[in-house]
4 protein chains.
Amino acid sequence: MASVNKVILIGHLGKDPEVRHLEGGNSVANFTMATNEYYKDKQGTRVERTEWHNITAWRNLAELAEKYLRKGHQVYVEGRIRTRQYQDKDNQTRYITEIVAEEISMLGNGRAGAGENQPTNQPAAAETPTTFREEPELNQLPF
Amino acid sequence: MASVNKVILIGHLGKDPEVRHLEGGNSVANFTMATNEYYKDKQGTRVERTEWHNITAWRNLAELAEKYLRKGHQVYVEGRIRTRQYQDKDNQTRYITEIVAEEISMLGNGRAGAGENQPTNQPAAAETPTTFREEPELNQLPF
Amino acid sequence: MASVNKVILIGHLGKDPEVRHLEGGNSVANFTMATNEYYKDKQGTRVERTEWHNITAWRNLAELAEKYLRKGHQVYVEGRIRTRQYQDKDNQTRYITEIVAEEISMLGNGRAGAGENQPTNQPAAAETPTTFREEPELNQLPF
Amino acid sequence: MASVNKVILIGHLGKDPEVRHLEGGNSVANFTMATNEYYKDKQGTRVERTEWHNITAWRNLAELAEKYLRKGHQVYVEGRIRTRQYQDKDNQTRYITEIVAEEISMLGNGRAGAGENQPTNQPAAAETPTTFREEPELNQLPF
DNA sequence: TTTT
DNA sequence: TTTT
């Protein structure tokens with residue numbers, strides 16, 4: 001049945017992406033990004049709340065993450081919510097909710113918060129494309 | 001810093017909403033909704049995967065849920081992702097990710113999958129509005 | 001530079017889609033869909049305003065439209081805004097804004113408002129998929 | 001009937017906003033913003049296409065625009081599509097499609113492309129909030 | 001636990 | 001021109 005599962009996030013990376021190159025040639029990147037919301041508590045004081053999102057990116061998006069994304073960078077991420085279960089060290093079933101990225105864009109100049117975390121192997125040249133979509137075949141993967 | 005945390009879901013309720021009326025006059029509703037995705041596995045077989053989302057709705061959205069939403073109904077939910085921690089029975093810290101609804105619309109005729117689950121107190125009349133937004137003051141609440 | 005141009009619509013078709021099969025094998029479908037908004041005027045009277053959207057769908061989405069979509073059906077359309085210019089009969093430059101569909105889902109039972117407008121050649125069987133995405137190669141087309 | 005009319009744009013302002021202060025205390029701002037898409041033409045050459053969007057912002061969003069937004073700034077705009085008609089100088093009915101902003105966020109450092117166009121009256125201090133939502137009463141206005 |  |  002028709003359904004929609006869409007997430008749109010704009011925020012900053014909490015750390016450099018961790019990328020694994022899987023046997024078979026696939027890559028997967030994981031990183032966290034923060035979004036902030038503000039509200040007034042009962043006393044009228046402005047309170048900030050930070051939400052941390054676990055992002056998973058596959059294949060060409062993983063490679064983009066590895067090459068260009070660093071801690072502190074501001075990004076747009078479009079994707080879908082996915083909760084998976086795993087066994088913790090006590091063999092208990094636990095759940096983790098992640099955002100599987102389908103599109104990533106680098107915002108700002110792509111270098112906010114950078115510094116010592118500059119990508120060393122492949123700096124983003126002026127003509128670097130800054131929007132990437134998941135390669136379509138990815139939808140065929142059993143994840 | 002500017003950020004965006006937006007979720008858009010279309011799916012069906014897995015069960016009737018559970019609504020609690022809090023002291024102080026506030027209400028909160030919880031329900032689950034399913035979205036489905038399809039992909040082809042390595043053998044080319046079409047596989048269906050169901051994702052279950054935990055929805056939390058406050059105040060007027062909670063009342064909408066209580067009055068009109070039932071198991072099986074198709075809904076549009078717009079909201080934001082929120083992960084909160086709690087202590088489980090072994091006093092371990094656990095995390096649960098929820099969607100805090102900011103807008104809910106009833107799709108279709110709003111009665112798919114209905115039947116024995118009809119709302120009894122206030123059936124959706126023809127002129128029932130079918131889109132609801134969170135009342136703005138809600139953003140002031142410390143949740 | 002990174003940018004996002006995204007539209008999400010849920011509404012009903014105002015008429016059956018018009019589909020043209022282009023030389024070279026491509027297809028394009030055009031239809032209108034209505035969304036409604038409500039507000040209270042200065043006297044507090046509830047007023048309804050209907051917005052009409054021009055939808056353009058290419059290739060496999062055009063074929064979906066031709067086969068399954070009819071006047072009155074409720075659909076989810078995700079796409080992008082595109083304004084193009086043309087010359088009117090007095091050779092004046094005019095502009096028209098359209099939504100180029102990237103994903104279409106049939107909502108409800110897909111048959112609201114149907115009746116005499118049933119698709120005759122290929123009725124939507126129970127197992128008909130109800131979500132369609134634009135084929136990726138479409139992005140290569142010069143439109 | 002339930003419907004959704006939602007637009008999400010990220011792009012850069014093409015010019016400084018034009019703001020009018022209406023009798024009765026309301027304000028309205030108009031500006032254009034550009035989004036870019038890339039595709040490959042039949043020869044495989046990468047082509048850029050710029051889409052220009054007409055943005056209309058009311059009340060507190062108009063004041064945000066007046067104070068903080070300048071030509072070249074990168075912004076996130078969430079809103080709804082609205083086509084209105086008007087009479088041109090030859091008394092012909094014409095149509096223009098605009099995006100009525102419901103939320104605006106300033107991205108990047110908010111100063112890309114700035115320079116001689118700095119806001120003079122009220123520079124964005126470090127603690128300036130960078131996300132603004134339309135005040136809810138706005139939905140009551142007959143526009 | 002939904003839907004097709 | 002849709003829907004409720």
Side-chain angles (χ1 to χ4, degrees), chain A residues 1-5 83 95, chain B residues 9-18 30-38 46-55 65 68-77 105-117 123-132, chain C residues 9-18 30-38 46-55 65 68-77 105-117 123-132, chain D residues 1-5 83 95:
Chain A
M1 183 51 172
S3 67
V4 172
N5 174 357
T83 299
Y95 298 87
Chain B
L9 301 175
I10 296 177
H12 293 82
L13 274 76
K15 56 173 187 177
D16 289 0
E18 291 175 5
N30 290 282
F31 59 89
T32 55
M33 65 185 277
T35 57
N36 304 289
E37 60 179 308
Y38 304 89
R46 190 168 178 262
V47 181
E48 176 175 359
R49 187 179 186 283
T50 298
E51 188 71 42
W52 285 99
H53 309 270
N54 301 303
I55 313 294
Y68 299 120
L69 301 187
R70 291 296 177 274
K71 175 180 176 177
H73 285 193
Q74 189 182 35
V75 291
Y76 168 91
V77 172
S105 290
M106 301 187 281
L107 302 179
N109 55 12
R111 295 188 195 84
E116 73 275 36
N117 288 302
E127 70 279 15
T128 300
T130 51
T131 298
F132 298 80
Chain C
L9 301 174
I10 296 178
H12 293 81
L13 273 75
K15 56 173 188 176
D16 289 0
E18 290 175 5
N30 290 283
F31 60 90
T32 55
M33 65 186 276
T35 57
N36 304 288
E37 60 180 306
Y38 304 88
R46 189 167 179 264
V47 182
E48 177 175 357
R49 187 179 186 282
T50 297
E51 188 70 43
W52 286 99
H53 308 270
N54 302 304
I55 313 294
Y68 299 121
L69 301 187
R70 291 296 177 275
K71 176 181 178 176
H73 285 192
Q74 188 183 35
V75 290
Y76 167 92
V77 171
S105 290
M106 300 187 280
L107 300 180
N109 56 13
R111 296 186 195 87
E116 74 276 35
N117 287 303
E127 69 280 13
T128 300
T130 51
T131 299
F132 297 79
Chain D
M1 181 50 172
S3 67
V4 172
N5 175 357
T83 299
Y95 297 88

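The shown structure was predicted, so the numbers you read here are calculated from the model rather than taken from an experiment.
The CD atom of B/E51 sits 16 Å away from the P atom of E/dT2 (whole-angstrom rounding). B/N54 has its CG atom 15 Å from the P atom of E/dT1, to the nearest Å. As a whole-Å value, the separation of B/L13 CG from E/dT4 P is 14 Å. One atom, NZ of B/K15, and another, C1' of E/dT2, lie 12 Å apart when rounded to the nearest Å. Atom NE2 in C/H12 sits about 11 Å away from atom P in F/dT2, given to the nearest Å. With rounding to whole Å, C/Y76 atom OH is found 22 Å from F/dT3 atom P. Rounded to whole angstrom, the span from the CE atom of C/M33 across to the C1' atom of F/dT4 amounts to 16 Å. C/L107 places its CG atom 16 Å from the C1' atom of F/dT4, with the value rounded to the nearest Å.
Within the model, atoms NE2 of C/H12 and CD of C/Q74 stand 4.0 Å from one another, a figure rounded to the nearest 0.5 Å.
Looking at heavy-atom distances under 4.0 Å, B/T35 makes no contact with the nucleic acid at all.
Judged by distance alone with a 3.5 Å cut-off, a donor-acceptor contact links the side chain of B/T50 to the base of E/dT2. Residue side chain C/T32 reaches the base of F/dT1 through a donor-acceptor N/O pair under 3.5 Å, judged by distance alone.
Listed nucleotides: E/dT1, E/dT3, F/dT2. Nearest to the side chain of B/N36: E/dT3. The listed nucleotides are E/dT3, F/dT2, E/dT1; the one nearest the side chain of B/E48 is E/dT3.
Considering only residues two or more places apart in sequence or on other chains, B/T50 meets the side-chain contact (heavy atoms from CB on, under 4.5 Å) condition with B/A34, B/N36, B/E48, B/W52. Residues passing the side-chain contact (heavy atoms from CB on, under 4.5 Å) test with C/N30 are C/R20, C/V28, C/T56, C/E98, sequence neighbours excluded.
Here the shortest heavy-atom pairing between B/L9 and B/M33 reads CB-CE, 3.7 Å. Considering all non-hydrogen atoms of both residues, C/L107 and B/I10 come closest at CD2-CG2, 4.0 Å.
In this structure, B/W52 does not count as stacked on the base of E/dT2 under the 5.5 Å centre distance and 30° plane angle limits.
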